[in-house]
Amino acid sequence: MFRGSSASVFLGVDVGTGSARAGIFDQKGKLLGSASSPIQIWKEKDCIEQSSTDIWHAVCAAVKSACSLANVAPEDVASLGFAATCSLVAVDADGSPVSVSWTGDTRRNIIVWMDHRAVDQAERINASNSPVLQYCGGGVSPEMQAPKLLWVKENLQESWSMVCRWMDLSDCLCTTVCKWTYLGHAHMEQWKESDSRDMEACGWDNVFWEEIGLGDLVEGNCAKIGRSVAFPGHPLGSGLTATTAKASNLVVLKVFLRWYCLSLLCDKLYRIQDTMQSSFIGAFSTMCELGLLPGTPVGTPLIDAHAGGVGVMESIPDGEFKADLPDEEAICHRMVLVCGTSTCHMAVSKNKLFVPGVWGPFWSAMVPEFWLTEGGQSATGALLDYVTENHVAAPLLSKRASSQSISIYELLNKMLLSMSHEKNSPFLSALTQDIHVLPDFHGNRSPMADPKSKGVIYGLTLDTSEKHLALLYLATIQGIAYGTRHIVEHCNAHGHKIDTLLACGGLAKNSIYIQEHANIVGKSLLPAIMPLQLLPSSDASPFASYCAGCPIILPRENEPVLLGAAVLGAVAGKKFPGVRDAMKALNAAGKVVNPSSDPRVKKYHDAKYQIFRSLYEQQLSHRSTMAEALR
């Protein structure tokens, strides 16, 4: 049975760090049902790994459950779109997993995005001063693929020789651009061509790969990393097919090859040798696993954060947010925060803007024909979990929260409101006047681009009470928000005009987390790279060109990453002319969180922000002192 013309819902799948999720959306972008399935993760110091086989099983379970919960039959699904983390997948010539682990465990064939094993390799790559690096904020991060590939080559030679294909988990162009040093703007002249999804990969810089010691990746027309490209939302072949994929000189990996897991839904077209025909598995059994029909259109995917941007960036309420500015300029005033295990900060511009320490500019990596700037914090949700779970009061609080059928964070939020009232605090944020947190527990991705930066908690005492945990939790939220303010200021100092934030992800559902961000993140044009001693003092009110706070728009739907993935499928299914059209039709605004109008709140956060900035400056000084002592 093939998909019928009456198909009316869009299916989006997102593979995050801890689970695979699927969501069903109607033609107005309303979520009809969603489901998730956990995925396994191995963590050993800086090495963090996953299994593509395990992820595929989780994807199938999530898709089936979501369709069941939404009461959607296979013939109702109009299209399918995918998003996934930018983790690195390794498979051999037969499509079997190749271990990327010290243990040799072949299940562990994925280096997870947040893995930091390749810090040394990243430093050496950055020392090359290749012109490619200017499109990565001036240097690659150990979270990007090039240093991870170099690490495998230098440390796991047997695995390196076995790998036939290296892929991102979603294997999409935008991830190639962002994490592989692929220069997507090399295709600008071909963007309008009708067959633009079949463009040859003219964005690779072969000299760069050779200079950093990975010249073997460009052999055979870049066979191991792909040669041709597609843009987000372009249809992959004829969609899901019930026939065995026929290998040819140029094959789209679009047939849900079980052993390619999500990377099978790629936007890159690979040159596959005829000798690999036998490795292609018929797609029909895979379709049965998904519970979908052959012929269902599949869109070229995005990494999860960028799919979140697609799912929320046009969620603008009528009125002041849409007044005056032309449409193409208005979108350039927005930044999307995708707040989960980590937080990604994404802004677009019509002209390429180079922001030191911030990834990009990447052309058409998220919104077609716009340049993407991507800042980030490597640990936000993960940091709140760490700080909370490692406090001695956590077990008792967890039990109490469970007895009330709420999360520990909802309980902590209630406690903070009560504490503010009991202490007659002028405002809730003032509870942390003696506690300051630098949230770089997993390095600083942006704007310092310092993977060696360490977290700092200033103001610890012997207090182990539940109230102390609540204060530490609030101070950590504030530290994360100061980091976002730093990124926004830094981007604006280098040409962006960000004055509105849109937030999505798990942390966006936390009322105190979002309110603190609204109060702290200002519409600032102050250079964030200004030396600390030149920053205006906390008594200077207000800062020059600094506005008190920034409104944060939340989307109507709670699953914008899934919606973004669904948008990609809907475009592939020709339900909309393009990605931007689909965004405007399916995105919808929910609550708008405005900053506090109390000038005392602004003055307080200005003071704490100075301390936040000083904690990193002091760390650099201390690092230099100790390095000198050990010479």
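For clarity, every value in this text was computed on a predicted model and none was experimentally measured.
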Undergrad: Out of curiosity, Leu337 CG to Thr343 OG1, how far, rounded to the nearest 0.5 Å?
TA: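 Here the rounded value is 7.0 Å.
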
Undergrad: Applying the side chain to side chain contact (heavy atoms under 4.5 Å, CB included) criterion to Met162, which one of Val91, Leu156, Val98, Thr106 satisfies it?
TA: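 Single side chain to side chain contact (heavy atoms under 4.5 Å, CB included) partner of Met162 among Val91, Leu156, Val98, Thr106: Val98.
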
Undergrad: For Thr85 and Val15, what are the C-alpha separation, side-chain angles and deciding distance, and is it a side chain to side chain contact (heavy atoms under 4.5 Å, CB included)?
TA: CA-CA 6 Å; Thr85 64; Val15 178; 5.5 Å; no

Undergrad: Show your working on side chain to side chain contact (heavy atoms under 4.5 Å, CB included) between Arg107 and Asp54 and close with a plain yes or no.
TA: CA-CA 8 Å; Arg107 295 174 300 169; Asp54 175 63; over 6 Å; no

Undergrad: On the 0 to 90° scale, with breaks at 30° and 60°, tag the His436-Tyr458 ring pair as parallel, tilted or perpendicular.
TA: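 Because their plane-to-plane angle lies in the 30° to 60° range, the rings of His436 and Tyr458 count as tilted.
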
Undergrad: Applying side-chain hydrogen bond (donor to acceptor under 3.5 Å, both in side chains), run through Ser378 and Glu143 and close with a yes or a no.
TA: CA-CA 9 Å; Ser378 295; Glu143 295 174 12; 2.6 Å; yes

Undergrad: Whether the side chain of His306 engages the backbone of Ala83 through a donor-acceptor N/O pair (distance < 3.5 Å, no angle test) should be reported.
TA: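 No, the answer is negative, given that no donor and acceptor are paired below the 3.5 Å cut-off.
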
Undergrad: Hey, is the main chain of Gly340 close enough, under 3.5 Å, to the side chain of Thr380 for a donor-acceptor pair?
TA: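 Yes, because the side chain of Thr380 sits within donor-acceptor range (under 3.5 Å) of the backbone of Gly340.
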
Undergrad: Any chance you could measure Ser52, atom OG, to Ile39, atom CD1, to the nearest 0.5 Å?
TA: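 Separation between the atoms: 11.0 Å.
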
Undergrad: Check the surroundings of atom CD in Glu158: do more than 12 heavy atoms from other residues, nucleotides or ligands lie under 6.0 Å from it?
TA: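 Atom CD in Glu158 is not packed in, count stays at 12 or less.
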
Undergrad: Verify the distance criterion only: is there a donor paired with an acceptor across the side chains of Ser465 and Asp463 at less than 3.5 Å?
TA: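 Yes, side-chain donor-acceptor contact under 3.5 Å.
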
Undergrad: Mind listing the closest non-hydrogen atom pair of Cys47 and Arg117 along with its distance?
TA: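 Result for this residue pair: CB-NH2, 3.6 Å.
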
Undergrad: Check Asn155, Val140, Leu149 against Gln121 for a side chain to side chain contact (heavy atoms under 4.5 Å, CB included) and give me the one that passes.
TA: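 Answer after filtering Asn155, Val140, Leu149: Asn155.
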
Undergrad: Considering all heavy atoms of both residues, which atom of Phe612 and which atom of Val437 are nearest to each other, and what is their separation?
TA: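 Taking Phe612 first and Val437 second, the nearest heavy atoms are CD1-O, 3.9 Å.
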
Undergrad: For the pair Lys153 (side chain) and Gly213 (backbone), establish whether a donor and an acceptor sit closer than 3.5 Å, ignoring hydrogens and angles.
TA: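 Checked: pair present.
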
Undergrad: Does the cation-pi check pass for Arg600 over Phe427, that is, NZ or CZ under 6.0 Å from the six-membered ring centre and within 45° of its axis?
TA: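 No cation-pi geometry.
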
Undergrad: Would you say Lys608's side chain and Gln478's backbone share a donor-acceptor pair under 3.5 angstrom?
TA: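 No; judged by distance alone, with no hydrogens or angles, the pair does not exist.
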
Undergrad: Treating Asp115 as the side-chain partner and Ile48 as the backbone partner, does any N or O pair qualify as donor plus acceptor under 3.5 Å?
TA: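 At least one qualifying donor-acceptor pair exists.
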
Undergrad: For Leu169 and Ile55, which heavy atoms make the closest approach, and how far apart are they?
TA: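 Here Leu169 and Ile55 meet closest at CD2-CD1, 4.0 Å.
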
Undergrad: Examine distances only and state if a side-chain atom of Glu123 and a backbone atom of Asp120 form a donor-acceptor pair shorter than 3.5 Å.
TA: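 No: the side chain of Glu123 does not pair with the backbone of Asp120.
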
Undergrad: Strictly distance-based, threshold 3.5 Å: is any side-chain N or O of Thr500 a donor or acceptor partner for the main-chain N or O of Arg334?
TA: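 No, the answer is negative, given that no donor and acceptor are paired below the 3.5 Å cut-off.
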
Undergrad: Between Ser624 and Ser621 (side chain of the first, backbone of the second, donor and acceptor by atom type, cut-off under 3.5 Å), is there such a pair?
TA: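 Not confirmed, Ser624 side chain does not pair with Ser621 backbone.
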
Undergrad: With distance as the sole test, does His496 use its side chain to make a donor-acceptor pair with the main-chain N or O of Ala347 at under 3.5 Å?
TA: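 Not at all, since once roles are kept as given, no pair shorter than 3.5 Å links the two residues.
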
Undergrad: Looking at side-chain heavy atoms only, is the closest gap between Val601 and Pro595 below 4.5 Å?
TA: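 Side-chain contact under 4.5 Å: no.
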
Undergrad: Check for a donor-acceptor pair, side chain of Arg165 on one end and backbone N or O of Ala223 on the other, with a separation under 3.5 Å.
TA: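 Here the side-chain-to-backbone pair exists.
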
Undergrad: Can you tell me if CG on Asn390 sees more than 12 non-hydrogen neighbours from other groups inside 6.0 Å?
TA: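 More than 12 within 6.0 Å, yes.
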
Undergrad: Apply side-chain hydrogen bond (donor to acceptor under 3.5 Å, both in side chains) to Asn413 and Tyr513, showing your working.
TA: CA-CA 9 Å; Asn413 288 353; Tyr513 185 92; over 6 Å; no

Undergrad: Do NZ/NE/NH1/NH2 and the carboxylate oxygens of Asp606 and Arg485 come within less than 4.0 Å?
TA: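 Yes.
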
Undergrad: Might you point out which heavy atoms bring Gly309 and Met366 nearest each other, and give the distance in Å?
TA: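 It is CA-SD, 3.7 Å.
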
Undergrad: Distance from Glu154 atom CD to Leu214 atom CG, nearest 0.5 Å?
TA: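 Here the rounded value is 8.0 Å.
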
Undergrad: Please determine whether side-chain hydrogen bond (donor to acceptor under 3.5 Å, both in side chains) holds for the pair Ser453 and Asn444, giving the CA-CA distance in whole Å, both sets of side-chain angles, and the decisive distance to 0.1 Å.
TA: CA-CA 6 Å; Ser453 183; Asn444 183 292; 5.4 Å; no

Undergrad: Where do His605 and Ser429 come nearest, in terms of heavy atoms and distance?
TA: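 Smallest interatomic distance, heavy atoms only, reads NE2-OG, 3.3 Å.
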
Undergrad: Do Trp42 and Ser51 pass the side chain to side chain contact (heavy atoms under 4.5 Å, CB included) test, and can you show the C-alpha distance, the side-chain angles, and the key distance before you say yes or no?
TA: CA-CA 9 Å; Trp42 292 272; Ser51 161; 4.0 Å; yes

Undergrad: Between Ala393 and Thr464, what is the shortest heavy-atom contact and its length?
TA: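 Smallest heavy-atom distance, with atoms named: CB-O, 3.7 Å.
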
Undergrad: Let's go through Gln433 and Ser425 carefully: what are the C-alpha distance in whole Å and the side-chain angles of both, what is the deciding distance for side chain to side chain contact (heavy atoms under 4.5 Å, CB included) to 0.1 Å, and is it a yes or a no?
TA: CA-CA 11 Å; Gln433 62 179 314; Ser425 177; over 6 Å; no

Undergrad: Just wondering, more than 12 heavy atoms not from Lys452 lying within 6.0 Å of its NZ?
TA: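 No, not enclosed.
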
Undergrad: I need the Ile408 CD1 to His391 NE2 distance, nearest 0.5 Å.
TA: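 Answer rounded to 0.5 Å: 10.5 Å.
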
Undergrad: Consider only side-chain N and O atoms of His345 and Glu374, and report whether a donor and an acceptor are under 3.5 Å apart.
TA: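 Glu374 and His345 do not have a side-chain donor-acceptor pair below 3.5 Å.
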
Undergrad: Is the ring pair Tyr609/Tyr482 parallel, tilted or perpendicular, if the boundaries are 30 and 60 degrees?
TA: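 Correct class here is tilted.
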
Undergrad: If you round to the nearest 0.5 Å, how far is CG of Asn510 from CD1 of Ile514?
TA: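 Spacing of CD1 (Ile514) from CG (Asn510) equals 7.5 Å.
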
Undergrad: Tell me, yes or no, whether the heavy-atom count around Phe354 atom CZ, taken from other residues, nucleotides or ligands under 6.0 Å, exceeds 12.
TA: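 Atom CZ in Phe354 is packed in, count exceeds 12.
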
Undergrad: Using the side-chain hydrogen bond (donor to acceptor under 3.5 Å, both in side chains) rule, take Ser101 and Thr103 through it: C-alpha gap first, then chi angles, then the decisive distance, then the call.
TA: CA-CA 5 Å; Ser101 172; Thr103 67; 2.8 Å; yes

Undergrad: How long is the straight-line distance from SG of Cys86 back to CH2 of Trp113, given to the nearest 0.5 Å?
TA: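 Reported to 0.5 Å precision, the distance equals 8.0 Å.
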
